[in-house]
**Student:** 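Have a look at the structure that comes next, please.
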Amino acid sequence: MQNIPPASARRPGFQLRRVVNFFYHRPRGLLALLLLAPLLWFGVVYLGSLGALLIQSFFHLDDFTGQVVREFTLQTYGELLSRSNGDIILRTVGMAASVTIAAAILAFPLAYYMARHAPPRLKAALSLAILLPLWSNYLVRVYSWKLILAQEGVLSWFIRLFHLEGLLNLLLSLPSIGGTSLSVSAFGPFLAFLYLWLPYMILPMQAALERVPLSLTEASADLGGRNWATFRWVILPLGFPGVVAGSIFTFSLTLGDFIVPSILGNSSLFIGQVAYIQQGTAGNIPIAAAFTVVPMIIMTFYLIGAKRLGAFDAL
Amino acid sequence: MPSKSAPLSLKIAVGGGLLFLYFPFTVILLYAFTTEDSAFTFPPPGLTLKWFSVALQRQDLWQALTLSLQVATVATGLALIMGTLAAIAVYRTPFFGREAISFLLLLPIALPGIVTGIALRSAINLTGIPFSFWTVVVGHATFCIVVVYNNVVARLRRTAKSQIEASMDLGADPLQTFRYIVLPNLATALLAGGMLAFALSFDEVIVTTFTAGQQSTLPIWILSQLTRPRQRPVTNVAAVFVIVITFLPILLAHRLSQDREST
């Protein structure tokens, strides 16, 4: 045990001690002092920046001078809804939705195994194995797919090994998502996104499946439900909030990403890329701001829907 | 909830999922040793250690690495202070808007990085502050705070209030109680939160592309190598460095939080 000297014996800390005691008896004052710095940071710097961005989406860029005109207008939002920009939004949402669905399918076996079958030690090891890629470098993980999908790379080697060229060519010849090779077709960013966000889907799914009582699946089996029936009518409905919770991440992260589609894929643009290009080289902050408002609005509705489906209880 | 052993098909699917998660890392590791410097031929025509020594001599790589470590250290320090302050405030006293604070701190990682990035960049532009080391740090600390905050709040909730009360009953004043009871209890949570914050900052690229001026952190350096490659295998070597540097603190942080839970 440590020998703790009496308060009065330690002179150097005397002033500090008086300050601490003063605040200890005035919880409101202490609260204000504790929250001052974080609130200044978040309330002023962060929310201020977000607010400023929102305001700028109501300005517009003068086509002749290339300067931002600082007066309220909905012109920028009008441009946002033009045909070509609408296509970009639809393409991004479509990618986010397909990544989400694929992630849910791929995540299920892992989540189910962890929730139902794995002994505690294995379960801890598995959850670490799923967290590790999540926390490791995003860019390195994107880059690895460039290596894998390269024309002369690993995947083509395996495809040749198993004589799957026919299947590959069939996939690549699909209109609008195909391309000359996997890395420059829509499959490139799709696989990279799926890989990047998969852990975000597994963990909430596992948490939700863990809460499905074992007695219910047993009851279903006792009543003659086969594996599929039990899955369809017991596990899926009860585990669904977990899927929705995971989908918040897979969906939102895909919506805002601008690096994956600029490294992989067929140069067709995504929301994040347009926002990046417009604020940078084009200097058109208003349209960039309006483009960032799109994922924010989509996610707001998504979150409201997710809350209704009980996803927040599964987080 | 372990039950009867899993069907074989499930085990295969689990193995497949894990393979999918780890295969890319092995590919990167393999390509760091390839003898080829312009393409990604598989299998590599030969293996060499040459790129590690080439990487050692690349000044730009080392400058980027140093900058990343500096940024991550300062951002983690700031996040530790801010996150702990906010956590103690939220834990100690119920007040109006308490839920809102957790939500506010979560926003920078809940919103797409590009939103935070563009917002900060345009705000920095509006105020006329030059882009510097410090703008990068502010951007990073903004999304690191929540990691520390979450860890500390979780620990505070698990710390028995009775210990604090016992300390006060035995005559310790608030400062002593904080020094000898609260802080030792928080130590591993702070360490774990700090390590995660460090890893998060060390990895960050999206917000950094907006808040950096001429500064090139390691992820920015890798990104520039991806678009304008100069000696591709050096990028692979850098990627291996990054994997090792981030895996270690995460494994450590995980161990620390596991140890706490089992005691």
Side-chain angles (χ1 to χ4, degrees), chain A residues 2 4 7 16-17 20-21 24 27 31 34-35 37-38 41-42 46 48-50 52-53 56 106 109-110 113 116-119 128-129 132-133 135-141 143-145 147-148 150 152-154 157 195 210 214 252 255-256 258-259 263 272 275-276 279 285 288 292 295-296, chain B residues 1-3 5-6 10 13-14 17-18 20-21 24-25 27-28 31 39-43 82 85-86 88-89 92-93 95 104-105 108 111-115 118-123 126 142 145 172-176 180 196 199 203 205-206 219 222-223 226 239 242-243 246-247 250 254 258:
Chain A
Q2 277 166 303
I4 300 169
L16 177 64
R17 176 159 285 111
V20 170
N21 288 348
Y24 182 78
L31 184 70
L34 286 170
L35 279 177
W41 189 312
F42 272 79
Y46 188 64
S49 308
L50 284 180
L53 185 68
Q56 289 184 78
L106 207 58
L110 269 164
Y113 183 77
R116 282 303 174 91
H117 293 289
L128 180 62
L132 211 49
W135 282 102
S136 69
N137 193 283
Y138 157 85
L139 211 52
V140 167
R141 294 195 292 152
Y143 174 56
S144 68
W145 282 94
L147 294 179
I148 294 169
E152 65 287 356
V154 186
W157 187 79
Y195 174 68
E210 244 162 33
L214 210 54
S252 159
L255 275 188
F258 69 96
I259 291 189
I263 291 176
Y276 178 70
Q279 67 84 33
I285 293 277
T292 59
M296 283 200 264
Chain B
M1 209 188 297
S3 63
S5 101
L10 182 61
V14 169
L18 286 177
F20 181 63
L21 283 176
F25 289 110
V27 171
I28 291 213
Y31 277 105
F40 307 117
T41 313
F42 186 86
M82 297 284 170
L85 286 178
I88 293 178
R92 225 183 92 98
T93 343
F95 59 93
L104 191 62
L105 294 181
L111 285 179
I114 190 162
V115 177
I118 293 186
L120 287 176
R121 183 171 191 94
S122 67
L126 286 178
T142 303
I145 289 173
D173 65 22
L175 188 65
Q176 282 177 318
Y180 292 103
L196 291 180
D203 270 359
V205 64
I206 294 192
I222 296 178
L223 187 62
L226 292 186
V242 174
I243 293 174
T246 42
F247 269 27
I250 294 158
H254 184 79
Q258 287 299 101

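Naming: A, B, ... by sequence-line order, numbering from 1 per chain.
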**Student:** Which pair of non-hydrogen atoms, one from A/G272 and one from B/I114, has the smallest distance, and what is that distance?
**Tutor:** O-CD1, 3.0 Å
**Student:** Please work out whether the ring planes of A/Y195 and B/F20 are parallel, tilted or perpendicular, with thresholds of 30° and 60°.
**Tutor:** perpendicular
**Student:** Name the option with the most non-hydrogen atom pairs under 4.5 Å to chain B; the candidates are A/N137, A/V140, A/I259.
**Tutor:** A/N137
**Student:** Side chain, backbone, both or neither: which part of A/P295 has a heavy atom under 4.5 Å from chain B?
**Tutor:** side chain
**Student:** Counting heavy-atom pairs under 4.5 Å with chain A, which one of B/A172, B/G113, B/P24 comes out on top?
**Tutor:** B/P24
**Student:** Is A/A52 in contact with chain B via its backbone, its side chain, both, or neither, using a 4.5 Å heavy-atom distance?
**Tutor:** side chain
**Student:** Could you pull out the closest heavy-atom pair between A/R141 and A/W145, with the gap in Å?
**Tutor:** O-CD1, 3.2 Å
**Student:** Measure the spacing between CH2 of A/W41 and CG of B/L104 and express it to the nearest 0.5 Å.
**Tutor:** 13.0 Å
**Student:** In terms of heavy-atom pairs under 4.5 Å with chain A, which of B/P174, B/S122, B/A199, B/P219 leads?
**Tutor:** B/P174
**Student:** Less than 4.5 Å to any heavy atom of chain A: does that hold for the side chain of B/I222, its backbone, both, or neither?
**Tutor:** both
**Student:** List for me each residue that meets ring-ring contact (aromatic ring centres under 6.0 Å, His included) alongside B/Y31, sequence neighbours excluded, and say none if there are none.
**Tutor:** none
**Student:** I'd like to verify something: which residue of A/T292, A/L106, A/I148, A/I263 has the highest number of heavy-atom pairs under 4.5 Å with chain B?
**Tutor:** A/I148
**Student:** By ring-ring contact (aromatic ring centres under 6.0 Å, His included), which residues pair with A/Y143, not counting sequence neighbours?
**Tutor:** none
**Student:** For the candidates A/S49, A/P109, A/G256, which exhibits the highest count of non-hydrogen atom pairs separated by less than 4.5 Å from chain B?
**Tutor:** A/S49
**Student:** Please examine the side chains of A/L147 and A/V154, heavy atoms only from C-beta on, and report whether any two atoms are closer than 4.5 Å.
**Tutor:** no
**Student:** Sort A/L110 into side chain, backbone, both or neither according to what part of it lies under 4.5 angstrom from a heavy atom of chain B.
**Tutor:** both
**Student:** For B/L126, is it the side chain, the backbone, both or neither that has a heavy atom under 4.5 Å from a heavy atom of chain A?
**Tutor:** side chain
**Student:** Let me know if B/I88 has heavy atoms under 4.5 Å from chain A in its side chain, its backbone, both or neither.
**Tutor:** both
**Student:** If we define contacts as heavy-atom pairs under 4.5 Å, which of B/I118, B/T142, B/V242 has the most with chain A?
**Tutor:** B/T142
**Student:** In Å, rounded to the nearest 0.5 Å, how long is the span from CD1 of A/I285 to CG of A/L53?
**Tutor:** 7.5 Å
